[in-house]
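Nothing fancy with the numbering, it's 1 onward along the sequence. These numbers come from the heavy atoms of this one structure, side chains and all, not from hydrogens, waters or symmetry mates.
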Amino acid sequence: MSTRIAFLKGHGTENDFVIVPDPENAVDLPPAAVAALCDRRAGIGGDGLLHVVRSAAHPEAEDMADEAEWFMDYRNGDGSVAEMCGNGVRVFARYLQHAGLVAEGDLTVATRGGVKRVHLAKNGDVTVGMGRARLPEGEVTVVVGERSWPARNVNMGNPHAVAFVADLAHAGDLFAPPPVSPASAYPQGVNVEFVVDRGPRHVALRVHERGSGETRSCGTGACAVAVAAARRDGADPAVTGLPATYVVDVPGGRLVITESPDGEIEMTGPAVIVATGEIDSEWLETVAR
């Protein structure tokens, strides 16, 4: 008889995820299996997968176990491994609360991008300490069709190219990764954000996430955009000594990003669990081959 593997479905500003609780790291999830689970027609469907593992049980997180009990083993929708996912961390924390594993308030989550501090608020919002942005030197250019834009290289534990454009439609269909040059700036690929202004410290974006395509939201991308906008606007907190807060509209909702003078960035937004179910292990073994 086949066994069944529990899963949940959740989203943060419509960046949606398949959640697989696996405290002891006993479920085999090769790239083909993850891609099949995230397939929107033949699988459950999602921009990515959140594999919920105790840090002590995962070789990539053992050294973080003293700081964070739980490790977010995050995978992109194509099955590839990613360092971080800001919306994913919020949904991951919401799952832990949903399962009774943590309470409202503060907690820590281990990720490949380091240990992230999270706050579960009473109003349902989740705030994640996203760490500091790195701004690698060198010019970067993003191209769509006959248009091209200079872009800001921002690393939030994963790489981003942020381009300010006149119209979000100029991003095109985003079915394929927009060409970014020089290729040497992003040897592991890149997330590309196209950004327009909506008002003072208020922007909107579209994003192509590496390994997933265009998504309804990208948390690390929203942080990268806020950092790039603050530098463009002369509002670098390290220079002004004042926090810079930007409202970032994404296709799936709204995120609020604050960068402090010490460089630490916080992201606040919703996270929702929408369904629970079971995966047939025989099917999973078949698609994993």
Problem set entry | Point-to-point distance, once rounded to the nearest 0.5 Å, from CG of Asp47 to OG of Ser212 | 6.0 Å

For this session: Indicate if Val20 and Val287 have the same hydrophobic cluster label, given that clusters are the connected sets of ILVMFWY residues with side-chain heavy-atom separations under 4.5 angstrom.
Result: yes

For this session: Output yes when Arg152 and Glu139 qualify as a salt bridge under the 4.0 Å nitrogen-oxygen rule, no when they do not.
Result: no

Exercise. Can Arg254 and His202 be said to form a side-chain contact (heavy atoms from CB on, under 4.5 Å), step by step?
Worked result: CA-CA 10 Å; Arg254 175 169 288 180; His202 183 185; 3.5 Å; yes

Exercise. Linking I/L/V/M/F/W/Y whenever any side-chain heavy atoms sit under 4.5 Å apart, do Met84 and Tyr186 land together?
Worked result: no

For this session: Step by step, work out the side-chain contact (heavy atoms from CB on, under 4.5 Å) result for Thr141 and Val180.
Result: CA-CA 6 Å; Thr141 301; Val180 179; over 6 Å; no

Problem set entry | Min side-chain heavy-atom separation Ile273-Ile19 under 4.5 Å | yes

Exercise. Is there a donor-acceptor pair closer than 3.5 Å between any side-chain N or O of Asn76 and the backbone N or O of Gly79?
Worked result: no

For this session: Evaluate whether atom CZ of Arg231 has more than 12 neighbouring non-hydrogen atoms of other residues, nucleotides or ligands under 6.0 angstrom away.
Result: yes

Exercise. Does a side-chain N-to-carboxylate-O contact under 4.0 Å join Glu83 and Arg210?
Worked result: yes

For this session: Measure from the side-chain N and O atoms of Asp167 to the backbone N and O of Ala169, and report whether any donor-acceptor pair falls under 3.5 Å.
Result: yes

For this session: For the pair Ser181 (side chain) and Ala183 (backbone), establish whether a donor and an acceptor sit closer than 3.5 Å, ignoring hydrogens and angles.
Result: no

For this session: Using a 4.5 Å cut-off on heavy atoms from C-beta on, say whether the side chain of Leu107 contacts that of Leu96.
Result: yes

Problem set entry | Gap separating the CZ atom of Arg75 from the CG atom of Leu49, nearest 0.5 angstrom | 7.0 Å

For this session: Could you please spell out the steps behind the salt bridge (charged side-chain N to carboxylate O under 4.0 Å, His left out) verdict for Arg54 and Glu62?
Result: CA-CA 9 Å; Arg54 290 189 190 277; Glu62 288 173 321; over 6 Å; no

For this session: Grab the two heavy atoms, one from Ala161 and one from Val190, that are nearest each other, plus how far apart they are.
Result: N-CG2, 3.6 Å

Seminar exercise, completed: Residues Ser148 and Val143: closest non-hydrogen pair is CB-CG2, 3.9 Å

Exercise. Between Glu67 and Thr108, is any side-chain donor less than 3.5 angstrom from a side-chain acceptor?
Worked result: no

For this session: Determine the interplanar angle of the His58 and His51 rings, folded into 0 to 90°, and report it as parallel if under 30°, tilted if 30 to 60°, perpendicular if over 60°.
Result: perpendicular

Exercise. With a 4.5 Å heavy-atom cut-off, do Val89 and Val118 have their side chains touching?
Worked result: yes

Exercise. So, are Arg40 and Asp16 salt-bridged, with charged N and O less than 4.0 Å apart?
Worked result: yes

For this session: For Asn191 and Pro159, indicate whether the former's side chain and the latter's backbone hold a donor-acceptor pair under 3.5 Å.
Result: yes

For this session: Please report the shortest heavy-atom distance between Leu205 and Ala222, naming the atom on each side.
Result: CD2-CA, 4.0 Å

Problem set entry | Salt bridge Arg94-Asp125, side-chain N to carboxylate O under 4.0 Å | no

For this session: Test Cys223 against every option in Leu255, Ile257, Val128, Val154 by the side chain to side chain contact (heavy atoms under 4.5 Å, CB included) rule and name the one that passes.
Result: Ile257

For this session: Look up atom CE in Met156 and atom CE in Met267, then write down how far apart they are to the nearest 0.5 Å.
Result: 8.5 Å

Problem set entry | Expected output: side-chain Asp233 to main-chain Ala235 donor-acceptor under 3.5 Å | no

Exercise. What distance separates His170 NE2 from Arg206 CZ, expressed to the nearest 0.5 Å?
Worked result: 11.0 Å

Exercise. Shared ILVMFWY cluster between Val195 and Val192, side chains joined below 4.5 angstrom?
Worked result: no

For this session: Go through the steps for Leu135 and Asn153 under the test side-chain contact (heavy atoms from CB on, under 4.5 Å), then give the verdict.
Result: CA-CA 6 Å; Leu135 300 170; Asn153 188 343; over 6 Å; no

For this session: Would you please say whether a donor-acceptor pair under 3.5 Å links the side chains of Asp78 and Ser80?
Result: yes

Problem set entry | Cluster overlap Phe194 with Phe164, hydrophobic side-chain contacts below 4.5 Å | no

Seminar exercise, completed: side-chain hydrogen bond (donor to acceptor under 3.5 Å, both in side chains) filter on Arg112, not counting sequence neighbours, yields Glu60, Asp73

Exercise. Heavy-atom distance under 4.5 Å between the side chains of Trp70 and Val52, does that happen here?
Worked result: yes

Exercise. Passes salt bridge (charged side-chain N to carboxylate O under 4.0 Å, His left out), Arg4 versus Asp280? Steps please.
Worked result: CA-CA 5 Å; Arg4 294 185 177 272; Asp280 188 300; 3.8 Å; yes

Problem set entry | Point-to-point distance, once rounded to the nearest 0.5 Å, from CZ of Arg117 to OG1 of Thr127 | 14.5 Å

Problem set entry | Side chain to side chain, Ile265 and Arg132, heavy atoms closer than 4.5 Å | no

Exercise. Are Phe92 and Asn87 side-chain neighbours, meaning at least one heavy-atom pair lies under 4.5 Å?
Worked result: no

Problem set entry | Sub-4.5 Å side-chain heavy-atom contact between Ser260 and Glu266 | no

Seminar exercise, completed: Residues Val227 and Ala133: closest non-hydrogen pair is CG2-CB, 4.0 Å

For this session: Return yes if some donor-acceptor pair links the side-chain N/O of Thr240 with the main-chain N/O of Leu242 below 3.5 Å, else return no.
Result: yes

For this session: May I ask you to check whether over 12 heavy atoms, not counting those of Asp66, lie within 6.0 Å of atom CG?
Result: no

Exercise. Are Val225 and Val247 in one and the same hydrophobic cluster, where Ile, Leu, Val, Met, Phe, Trp and Tyr link if side-chain heavy atoms are under 4.5 Å apart?
Worked result: no

Exercise. So, does Arg216 use its side chain to make a donor-acceptor pair with the main chain of Pro251 at under 3.5 Å?
Worked result: yes

Exercise. Is the backbone of Gly114 close enough, under 3.5 Å, to the side chain of Thr111 for a donor and an acceptor to pair up by distance?
Worked result: yes

For this session: Would you give the length of the straight line joining atom CE of Met72 to atom OH of Tyr95, rounded to the nearest 0.5 angstrom?
Result: 15.0 Å

Exercise. Does CD belonging to Gln188 count more than 12 external heavy atoms closer than 6.0 Å?
Worked result: no

Exercise. Tell me the salt bridge (charged side-chain N to carboxylate O under 4.0 Å, His left out) pairs involving residues 181-200, sequence neighbours left out?
Worked result: Asp197-Arg232

Exercise. Which is it for Thr13 and Arg90 under the side-chain contact (heavy atoms from CB on, under 4.5 Å) test, yes or no, and what are the steps along the way?
Worked result: CA-CA 10 Å; Thr13 49; Arg90 296 203 322 279; 3.9 Å; yes

Exercise. Of the non-hydrogen atoms in Gly12 and Val91, which two are nearest, and what is the gap between them?
Worked result: N-CG2, 3.5 Å

Problem set entry | Trace of the side-chain hydrogen bond (donor to acceptor under 3.5 Å, both in side chains) decision for Thr215 with Glu209 | CA-CA 7 Å; Thr215 59; Glu209 290 194 62; 2.6 Å; yes

For this session: Measure across Leu50 and Gly88 and return the closest heavy-atom pair with its distance rounded to 0.1 Å.
Result: CD1-O, 3.7 Å

Problem set entry | Minimum side-chain heavy-atom gap Ile5-Phe7 below 4.5 Å | no

